[in-house]
2 protein chains.
Amino acid sequence: MPTLEEIARLSSVSRSTVSRVVNESPNVSEETRAKVLAVVQQLDYQPNAVARSLAAGCTRILGLIVPSGVTAMFHDPFFPEFIPAVTSACSAHGYSVMLWLAEPMDEEPMIRQVLRNGFLDGVIVFTIHLSAGIIAEVVASNLPYVLIGQHCAQAPDAAYVDVENRRGARQVVTHLLRKGYRRIAHIAGPTDTVCAQHRIAGYRDALGTWGRRIDEDLVAAGDFTEARGYEAMKELLPRRPEAVFAANDMMALGALRACRDSGVRVPEDMAVVGFDDISLSANSNPPLTTVRQPSDRMGTAATEMLLAILETGDAIPRQIVLPTELVIRQSCGATAGL
Amino acid sequence: MPTLEEIARLSSVSRSTVSRVVNESPNVSEETRAKVLAVVQQLDYQPNAVARSLAAGCTRILGLIVPSGVTAMFHDPFFPEFIPAVTSACSAHGYSVMLWLAEPMDEEPMIRQVLRNGFLDGVIVFTIHLSAGIIAEVVASNLPYVLIGQHCAQAPDAAYVDVENRRGARQVVTHLLRKGYRRIAHIAGPTDTVCAQHRIAGYRDALGTWGRRIDEDLVAAGDFTEARGYEAMKELLPRRPEAVFAANDMMALGALRACRDSGVRVPEDMAVVGFDDISLSANSNPPLTTVRQPSDRMGTAATEMLLAILETGDAIPRQIVLPTELVIRQSCGATAGL
DNA sequence: GACAGGTGTGGGAGCGCTCCCATAACATAT
DNA sequence: ATATGTTATGGGAGCGCTCCCACACCTGTC
């Protein structure tokens, strides 16, 4: 691997001049630039990123930290959309991405080390679970950061990107109410996640607005998995709901399967709606009414927010809540007319 | 952030001695070690990884490169299992992971740059598609590497990890033959992927072994997507197959949906089998017979192979082909005996 | 008493860059 | 003629480490 110094020698200029050429500084004569570039191309010279990072004091590497509580969610179709959006936005700005999936056991020390070893210029942290320790660690590290999922309680000033979970849930449940469904059940997400809290809040909002009292028997606990959605639906069926809103699509798909297994027809006997609009939902049987999250836009927004913080030192909006979109399909009797 | 020098000053020893303590060199007196460690803890000193990398000549960072052809596959449930296995194995050895999802347009120059900028000690490269240019780039970079997916033609000596695609396909098709199915169709994967080639080869092996001639009308082209599986099945149905082997589960699920839509009962009228054993297959309707790939073991194996190459400079087995496992469920009439 | 062979410690050089300051060369204004 | 810029270039210092060599100092051996 050739070094700056070598290029300098071979093109008989100084190290500094080569550096200027490579970094596209304007103060280089055309003649010199051409001479140096010729050697650079001939030797296929690439500046050493490590040396550059040390000298410049920044690495142009962003960390993507996924705490263990969220790692399970790695199966979620959220990541396949989110992560490429992040890497793509980074590439566009000449940044690289380092991926950290925390191990359950040594979560905090590990994250602590990653935050302080100097390899990262900034981090995007999944804080969908209420992982107080990690948020504190991140804040204490003095590293620029953006959270995915808001945490007003623990970090009111934190930069974050989130989606309108509450409003989305309200919308989809309101849609059910408008269609005349009365006993609307809910399969909730894990109670220690902010997004599940917001979604159940939206469910309650909608029922409240329509003057319906909330029947706690119609709220089943869930954990965002298909299997649990299945079980929860089996538990709910004897209580004769007319419709069910699952806190995510995976559980809604589980609910659909439970209905099928129990001979309950969807949407004739039961409406089922979810949240996320994962790709399978469009092709489920029947296709699932759900709420679309702009996963990729979240990735792009978080990355660009972080890069802006890095470059401007702050300024810009530090809280972004992206809108969701109601996607109406057959599982709530879409064909039956509003 | 404190530096080595500062720790040295505060504990009144030399820079070298602090370095020895931090790196757990044996040649330090107990007394000195304790003195230094006290200061280290008090100041919460963390060695700067960038400086260390520059001085030591290695970064302890591995790259995970996913070419654009494969990025689409990022939706595949393969990644959610593979990637955590890689990061986990890396963490266990004190390595970090940098993720590179190539953009379609500037694929090769980008990869070229990543390979040569000095940030990576080694790379794991998805070469499931026959991306000759990328493989050449990787080989030319002189960086230790492990491929995911073998490429005997282009890189006979390359270190790789793969699964027994051919044998797995043969097994599942043989299972259908044993159960008495005769007209067995195939929904193939993209012809430019080695794994799809191996799977169709396994399909032909099985038919050949049983003395069946291959009816090319019963082989439909596919692209590993659910939607295409649906369409391919619709095309195949008029040709009256008794069973269909899809080159992956996503397409098999599409095929199931096509059968459902066409009033074809599975498994009574049609057997459907897939490949991959994605999590949805266990809960599909009916549950899908398929071939399980050890995605996580591939990640672990690739990482450990790469780390071994880094540490020993070579030696060890450089070709690993992991076994697949036949998973029999109802979609091929498992209940019908044998 | 001279020499070998450990131990523990310090300091210099160097990894390959960036950044700042000095310097030259020339143009323009006074 | 001198002062004042402007532009192109070179060289030194330094980023925070590691690694090697030198130098004590302490055994133990013949």
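Quick note: numbers below take in every heavy atom, side chains included, and nothing from hydrogens, waters or symmetry partners.
Closest approach of A/R20 and A/N27 over heavy atoms only: CD-O, 4.2 Å. Minimum interatomic distance between B/M110 and B/L101 (heavy atoms only, all atoms of both residues): CE-O, 3.9 Å.
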Could you list, one pair per line, each protein nitrogen or oxygen that sits under 3.5 Å from a nitrogen or oxygen of nucleotides 22-26 of chain C, together with the distance?
none

Under 3.5 Å, which protein N or O atoms sit close to an N or O of nucleotides 13-15 of chain C? Give each pair with its distance.
unit_1	atom_1	unit_2	atom_2	d
C/dA13	N6	B/R15	NH1	3.3
C/dC15	O2	B/A55	N	3.4

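Between the P atom of D/dC17 and the CD atom of B/E6 lies a distance of 9 Å, rounded to the nearest Å. Here the P atom of nucleotide D/dA8 and the NZ atom of A/K35 are 14 Å apart, to the nearest Å. With rounding to whole Å, A/E30 atom CD is found 13 Å from D/dA8 atom C1'. Rounded to a whole Å, the CG atom of A/N27 is 14 Å from the P atom of D/dG10. What separates CD of B/E31 from P of C/dT9 is a distance of 8 Å, to the nearest Å. To the nearest angstrom, C1' of D/dC20 lies 15 Å from CG of B/N23. When rounded to the nearest whole Å, the span between CD of A/E5 and C1' of D/dG11 equals 10 Å. We find that CZ of B/R9 is positioned 14 Å from P of C/dG11, with the value rounded to whole Å.
With distances taken from any side-chain atom of B/T17 to the nucleotides D/dG10, C/dG8, C/dG10, the minimum falls on C/dG10. In the set C/dC17, C/dG8, D/dC17, the nucleotide with an atom closest to the side chain of A/R52 is C/dC17.
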Seminar exercise, completed: Each base of DNA chain D marked ( ) or [ ] if paired in-strand (Watson-Crick or G-U under 3.5 Å), | if paired to another strand and . if unpaired gives .|||||||||||||||||||||||||||||

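If you look at A/F82 and A/F126, their ring centroids are closer than 6.0 Å.
Using a 4.0 Å heavy-atom distance criterion, A/T32 is classed as a sugar-phosphate-only contact. Here B/V13 lies in heavy-atom contact (under 4.0 Å) with sugar-phosphate atoms only.
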Problem set entry | Intermediate values then yes/no, side-chain hydrogen bond (donor to acceptor under 3.5 Å, both in side chains), A/T300 and A/T303 | CA-CA 5 Å; A/T300 310; A/T303 308; over 6 Å; no

For this session: Determine, stepwise, if the pair B/D157 / B/R318 fulfils salt bridge (Lys or Arg N to Asp or Glu O under 4.0 Å).
Result: CA-CA 8 Å; B/D157 307 329; B/R318 292 165 51 87; over 6 Å; no

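Between B/D121 and the choices B/I309, B/I61, B/L310, B/L307, the side-chain contact (heavy atoms from CB on, under 4.5 Å) rule is met once, by B/L310.
With hydrogens and angles ignored, a donor-acceptor pair under 3.5 angstrom links the side chain of B/S16 to the base of C/dG11.
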